[in-house]
Amino acid sequence: GAVVSQHPSWVICKSGTSVKIECRSLDFQATTMFWYRQFPKQSLMLMATSNEGSKATYEQGVEKDKFLINHASLTLSTLTVTSAHPEDSSFYICSARGRSGRSYEQYFGPGTRLTVT
Amino acid sequence: GENVEQHPSTLSVQEGDSAVIKCTYSDSASNYFPWYKQELGKGPQLIIDIRSNVGEKKDQRIAVTLNKTAKHFSLHITETQPEDSAVYFCAASRGTGFQKLVFGTGTRLLVSP
């Protein structure tokens with residue numbers, strides 16, 4: 001159990017365009033979802049936290065107008081990178097935390113590799 | 001805020017040996033300590049976790065120990081296998097809901113056959 005999927009697994013886009021990444025909890029209801037960014041050989045950097053139906057809480061230094069997060073339902077969250085630039089190229093990973101019984105554990109998706117040309 | 005330190009940054013062992021990775025945390029209110037394994041190009045996979053009301057937890061070849069007084073916790077892998085090679089991250093959090101995980105810097109484990 002506790003499977004989180006992400007789509008797409010990789011995407012290449014041109015500078016100035018927007019890209020949407022989907023994150024789904026497949027077998028549990030995710031009350032809280034998290035979005036991370038990871039650079040090569042580095043740890044995970046938390047970008048934002050969201051509860052279903054609420055606005056996301058962004059970490060300091062993360063531009064909320066550039067990284068739009070929508071936690072539309074208990075199983076789906078999306079991250080949209082708007083007006084992407086080469087410096088936005090990175091590995092983006094979502095994670096989800098469930099209700100009681102799974103309220104501590106945080107399960108991660110497989111990640112999305114974004115390359116902006 | 002919470003700060004998690006992890007060491008060593010790299011660890012090389014021979015197949016069959018044991019591996020130990022250690023982490024320290026700073027926030028005495030942290031009460032949940034998971035360990036993740038991340039293979040190249042993949043998302044982190046939860047391999048074991050421990051809550052602050054427990055001192056040790058074991059799952060087959062993997063065990064985690066927690067010393068709340070000293071604010072440190074460790075991952076122990078016995079009888080290592082080449083497929084254990086990966087990057088391992090420790091993390092700490094204050095618990096459920098919005099409480100975020102604070103990650104260590106990671107340990108690259110290489111198990112040689």
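Chain A is the first sequence line, chain B the second, and so forth, proteins listed ahead of strands; every chain is numbered from 1. The shown structure was predicted, so the numbers you read here are calculated from the model rather than taken from an experiment.
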(request) Answer with side chain, backbone, both or neither: which region of Gln38(A) has an atom nearer than 4.5 Å to a non-hydrogen atom of chain B? (result) side chain

(message) According to a hydrophobic-cluster definition based on side-chain heavy atoms being under 4.5 Å apart (Ile, Leu, Val, Met, Phe, Trp, Tyr only), do Leu75(B) and Val87(B) belong together?
(response) no

(request) Residue by residue, scan residues 57-67 of chain A and write down, ordered by number, those that have a heavy-atom distance under 4.5 Å to chain B; if none do, write 'none'. (result) Thr57(A), Glu59(A)

(message) Can you confirm whether more than 12 heavy atoms, excluding those of Gln42(A), are under 6.0 Å from its CD atom?
(response) yes

(message) I need the contact set between residues 77-93 of chain A and chain B: heavy-atom distance under 4.5 Å, sorted by residue number.
(response) Phe91(A), Ile93(A)

(request) Please lay out, stage by stage, how Gln38(B) and Phe108(A) fare under the test side-chain contact (heavy atoms from CB on, under 4.5 Å). (result) CA-CA 10 Å; Gln38(B) 187 177 27; Phe108(A) 284 81; over 6 Å; no

(request) Give, for atom CZ of Arg97(A) and atom OG of Ser93(B), the distance between the pair rounded to the nearest 0.5 Å. (result) 5.0 Å

(message) For His7(B), is the NE2 atom crowded, meaning more than 12 foreign heavy atoms sit under 6.0 Å from it?
(response) yes

(request) Identify the heavy atoms of Gly104(B) and Ser43(A) that sit nearest to each other, and give their distance. (result) O-OG, 2.8 Å

(message) Can you tell me which portion of Pro44(B) sits under 4.5 Å from chain A's heavy atoms? Options are side chain, backbone, both or neither.
(response) both

(message) Under 4.5 Å between side-chain heavy atoms, counting indirect links through other Ile/Leu/Val/Met/Phe/Trp/Tyr residues: same cluster for Met45(A) and Tyr25(B) or not?
(response) no

(message) According to a hydrophobic-cluster definition based on side-chain heavy atoms being under 4.5 Å apart (Ile, Leu, Val, Met, Phe, Trp, Tyr only), do Val102(B) and Ile50(B) belong together?
(response) yes

(message) If you compare all heavy atoms of Tyr104(A) against all heavy atoms of Tyr32(B), which two are closest, and at what distance to 0.1 Å?
(response) O-CE2, 3.3 Å

(request) State plainly whether one hydrophobic cluster holds both Val4(A) and Leu76(A), where clusters connect Ile, Leu, Val, Met, Phe, Trp and Tyr through side-chain heavy atoms under 4.5 angstrom apart. (result) no

(message) So for Gln6(B), is it side chain, backbone, both, or neither that comes closer than 4.5 Å to the heavy atoms of chain A?
(response) neither

(message) One pair to check against side-chain contact (heavy atoms from CB on, under 4.5 Å): Leu46(B) and Glu105(A). What are the steps and the verdict?
(response) CA-CA 8 Å; Leu46(B) 178 65; Glu105(A) 297 87 344; 3.9 Å; yes

(message) Set out, in order, the CA-CA distance, both residues' side-chain angles and the distance that settles side-chain contact (heavy atoms from CB on, under 4.5 Å) for Phe34(A) and Leu101(B), then state yes or no.
(response) CA-CA 10 Å; Phe34(A) 306 82; Leu101(B) 288 174; over 6 Å; no

(message) When you group the ILVMFWY residues by side-chain heavy-atom contacts below 4.5 Å and let the links chain together, are Leu114(A) and Trp10(A) in the same group?
(response) no

(request) Could you tell me the separation between the OH atom of Tyr36(B) and the OG atom of Ser95(A), rounded to the nearest 0.5 Å? (result) 6.5 Å

